[in-house]
**Q** 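Dropping a structure here in C-alpha cells format, bear with me for questions.
Predicted model, so just to flag it, every value in this text is computed and none were measured. Chain A is the first sequence line, chain B the second, and so forth, proteins listed ahead of strands; every chain is numbered from 1.
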Amino acid sequence: MPRSAVRRARLAGGGAGGRLPWAATAHRGSHSTGVAMTPLAAIQLRLEAQPVDYALLALYFALVLGIGTMARRSVSASLDFFLAGRALPAWVTGLAFISANLGAVEIFGMTANGAQFGIPTVHYYWIGAIPAMVFLGLVMMPFYYGSKVRSVPEFLLRRFGRFAHLVNALSFALAQVLIAGVNLYALATVVNLLLGWPLWVSVLAAAAIVLAYTTLGGLSAAVYNEVLQFFVIVAMLVPITLVGLHRVGGWDGLAARVRALNADAELQLHSWPGTNLTGIENAALSVLGIVFGLGFVLSFGYWTTNFAEVQRALAAKDMSAARRTPLIGAYPKALIVLVIVIPGMLAAVLSPELAAYKASGGTLNNGVTYNNAIELLIRDLLPSGMLGVAITGLLAAFMAGMAANVSSFNTVFTYDIWQSYVVRDRVDHYYLRVGRIATVAGCAIAVGTAFIASHYNNIMDYLQTLFSFFNAPLFATFILGMFWRRTSPVAGGVGLLVGTAAAVTIDQLNRHHVLHMSGQGPSFVAASAAFVMDIAVSVPLSLATAPKPDSELGGLVWSLTPRVRAEKDAWYRSPGLLAIGVLALATALSIVYW
Amino acid sequence: MFFDLRLIIAFLFACYGAVLTALGATATTEADRLKTGGWNVNLWVGLVMLGFAAVMGLWAALRPIRPPEGEREDE
C-alpha cells in the first residue's frame with residue numbers, strides 16, 4: 001500500500017511539477033516502516049557534519065536574511081512587494097524561473113526516478129519542460145505581460161469574468177499554502193534524517209527564515225534567493241556527479257554496472273520507448289503517452305499557467321526580458337537533468353543498500369527507498385567541506401520551494417481574493433499591508449499543515465492529487481481563450497469544471513480498478529481527458545452563449561492584440577534565436593541519449 | 001534593483017571556494033580519499049568556485065547596474 005502511494009505521488013503531475021514525492025516517502029520513513037526501522041534509517045543516513053560544514057550553512061543563511069533586509073528598502077508599493085516592481089533583469093528572472101521549480105522535492109523525486117527508471121527520466125525535462133517553456137516565452141508571454149495583469153488568475157478575470165477567476169484563484173491559493181506545508185515537512189524530515197534535529201525545530205526555524213525574508217523583501221527577496229540557491233544546488237549536484245562517475249569509471253563503467261545488475265538494463269540506458277517509466281507495455285503507446293500526455297498536456301498546463309512560475313516572468317523589467325525569462329531558464333533546465341538523473345543511476349549501483357532494494361524490485365524493507373538516492377550519495381561520496389555545501393544546497397532548495405509557494409500565494413490572495421471580492425478600492429498601501437499579513441498567515445498555515453502532514457500523510461497525498469485535477473484543464477481554457485475570440489465567459493468557467501470532473505473520473509475509475517493502469521499511465525490519461533473534455537465542452541458552449549465584446553478583449557486575444565515590433569536590441573537578446581538555440585540543445589541531447 | 005546580486009553571489013562563492021580549497025590542500029584524510037575514489041574534490045571544486053566568484057565579480061565590475069531613468073534618487 002504505502003509503496004503504491006509513493007509511486008503515485010512521485011509520478012502524479014509529471015515533470016510538470018506539482019508532484020510532491022517526499023510526502024509519501026516521509027510517511028514511509030516515519031510511520032509505515034514502524035518504530036523499529038526509523039532508528040536504523042536514521043543511523044544509516046546520519047551525516048558526520050563537522051563545524052566547518054555548519055559554518056558554510058550558517059554563512060548561506062546569513063546572506064539569505066541579508067538579501068531580505070536589503071530588498072526591504074526597495075518595497076514602497078504593493079507592486080514592489082508582489083512583482084518586484086517589474087524591474088528585474090532577464091538573467092535573474094530566468095534563473096529564478098527554473099529555480100522556483102528546482103526545489104528539493106524535484107531533486108529528490110527526479111533522482112529517485114533516475115535510480116528506479118534510469119535515463120527515461122530525461123523526458124520530464126527535454127519533452128516535459130523545454131517545449132512548454134519556449135511556448136510560454138514566445139507565444140503566451142505577450143498576453144500575460146502585455147495586458148499588465150498582476151497574476152494568472154487576473155488574466156482569467158479579464159478574459160472570462162468572475163466565475164473562472166474565482167475557481168482558479170481559490171484552488172491556486174489553497175494549493176500553494178498546503179504545498180508550502182508539505183515542503184516544510186519534507187525539509188524537517190530530511191534534516192532529522194541527516195543531522196538528527198527534532199522535526200519541530202526545523203519546521204519552525206525554516207518557516208521563520210522564509211517568513212522573515214518574504215515579508216521583508218517580498219518577491220524580490222524570494223527571487224534573489226532563488227538565484228543564489230540555483231548556484232548552490234549546481235555546486236552540490238555537479239561534484240556529486242563527477243565523483244560518482246569517477247568511482248564507477250565514467251559513463252561506460254556506469255552502463256556496465258547497470259547492465260550487470262538489471263534484467264531490463266537497456267530500457268534504463270535509453271530514453272525511448274520509456275516503457276518502464278510509463279508503465280505502458282506497448283512501445284508505441286508508451287511514446288504517445290510521453291509525447292502527448294507528459295509533453296503536451298501536463299507540461300504545457302504546468303509551465304504556462306502555474307502562477308508560481310509565471311510570476312517570475314511578470315517581475316521582469318520589460319516585455320523583452322519577460323519573454324526571455326522562460327527561454328533563459330530553459331538552458332539550465334535542459335542541462336541540469338544530467339546532474340540529476342546520472343546521480344540517481346549512480347546511487348542505485350554505488351550504494352549497497354539501494355542496490356539491494358532495487359534488486360528486490362522495491363520490496364525489501366531495509367530502511368532506504370529510491371527517494372533516499374541523493375542522501376546516500378551525499379553520505380558516501382562527499383568529504384567534510386563539500387558535505388556542508390551539499391547540506392546547504394538541499395536546505396536552500398526546500399526553502400526556495402516554500403518561498404515560491406508563499407510569494408505566489410500572498411499575491412493571489414491579496415489581488416485576486418481580497419482586493420477583488422472582499423475589500424475593494426482602498427489605497428495601495430492598504431494592500432501592501434494585507435500582503436504582508438497574508439504572508440504571515442500563509443506561513444502559519446504551512447506550519448500547521450506540516451504538523452498535520454506528519455500525522456496524516458495520506459491526506460496530503462490526496463489533496464495533492466486533487467489540486468492536479470484543477471490544473472489539468474487550465475491550459476485548454478487558456479489556449480482557447482487566447483486564440484479564439486468567440487470563447488465565451490460561460491464556456492471558460494464550465495470548461496474548467498468539466499475538465500476537472502473528467503480528470504477526477506479517470507482517477508476514480510482507475511482507483512476502483514475499472515481501468516487498469518499503473519505507473520505514469522493514470523496521470524497522463526487523466527490530464528489528457530481533462531484537456532479533451534474541456535475543449536469538447538467549451539467549443540459548443542461558446543457558440544451557444546454570448547461572447548465578450550471585442551472592445552474588452554484587446555491584449556487578451558491573439559487576433560485583437562497589435563503586434564509590437566521590438567525595438568532594435570542586441571542579437572543575443574532575440575527571443576526567437578534563444579528559442580531555436582534551446583530547442584536545438586534539447587534535440588541534440590535527446591539524440592545522444594536516444 | 002539597487003544592490004548587485006552578482007556581488008553577493010561572488011562573495012558567497014569566494015568564501016566557499018576559499019574554505020574548500022584550504023580543506024582540500026591541508027586536511028584530506030584517508031577516509032575522504034576512499035569516499036571520492038582518490039579525487040581531491042574539495043580542492044578542485046574550491047578552485048572552480050574561486051574562479052566562478054572572480055567571473056561574477058568581474059561581470060559586476062565591467063557592467064555595473066545603471067539606475068533606469070526616472071528612478072527615485074532619494075533613499
**Q** At a 4.5 Å cut-off on heavy atoms, which part of A:Ile67 comes close to chain B: side chain, backbone, both, or neither?
**A**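 Both backbone and side chain.
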
**Q** How would you list all residue pairs meeting salt bridge (charged side-chain N to carboxylate O under 4.0 Å, His left out) that involve residues 41-50 of chain B, not counting sequence neighbours?
**A**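 For residues 41-50 of chain B: none.
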
**Q** Is the ring pair B:Trp59/A:Trp91 parallel, tilted or perpendicular, if the boundaries are 30 and 60 degrees?
**A** tilted

**Q** Counting distance only, does the side-chain N/O of B:Asn42 pair as donor-acceptor with the main-chain N or O of A:Met386 below 3.5 Å?
**A**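 Pair found, side chain donor or acceptor close to backbone of A:Met386.
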
**Q** May I ask you to list the residues in residues 17-27 of chain B that approach chain A closer than 4.5 angstrom, counting heavy atoms only, ordered by number?
**A**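 Listed by number, the contacting residues are B:Val19, B:Leu20, B:Leu23.
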
**Q** Checking an interface table here. Which of residues 44-56 of chain B come within a heavy-atom distance under 4.5 Å of chain A?
**A**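 Within residues 44-56 of chain B, the residues under 4.5 Å from chain A are B:Val45, B:Met49, B:Phe52, B:Met56.
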
**Q** Between B:Lys35 (side chain) and A:Leu382 (backbone), is there a donor-acceptor pair under 3.5 Å?
**A**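 Answer holds: yes.
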
**Q** At a heavy-atom separation under 4.5 Å, does A:Val238 approach chain B through its side chain, its backbone, both, or neither?
**A**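 Neither the backbone nor the side chain of A:Val238 comes within 4.5 Å of chain B.
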
**Q** How about A:Leu381 and B:Thr36: do any of their side-chain heavy atoms sit closer than 4.5 Å?
**A**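 No, every pair of side-chain atoms sits at 4.5 Å or beyond.
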
**Q** So if I take each residue of residues 49-58 of chain A and look for any heavy atom under 4.5 Å from a heavy atom in chain B, which residues do I end up with?
**A**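 A:Val52, A:Leu56, A:Leu57, listed by number.
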
**Q** Side chains of B:Val41 and A:Pro383, heavy atoms from C-beta outward: is any pair under 4.5 Å?
**A**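 Touching, per the 4.5 Å side-chain cut-off.
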
**Q** Check step by step if side chain to side chain contact (heavy atoms under 4.5 Å, CB included) holds for B:Leu12 and A:Leu59.
**A** CA-CA 8 Å; B:Leu12 178 73; A:Leu59 172 66; 4.1 Å; yes

**Q** So what's closer than 4.5 Å to chain B heavy atoms on A:Thr392: side chain, backbone, both or neither?
**A**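 Contact with chain B involves the side chain of A:Thr392 alone.
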
**Q** Taking the side chain as every heavy atom from C-beta outward, state whether B:Trp39 and A:Leu242 have any pair of such atoms under 4.5 Å apart.
**A** yes

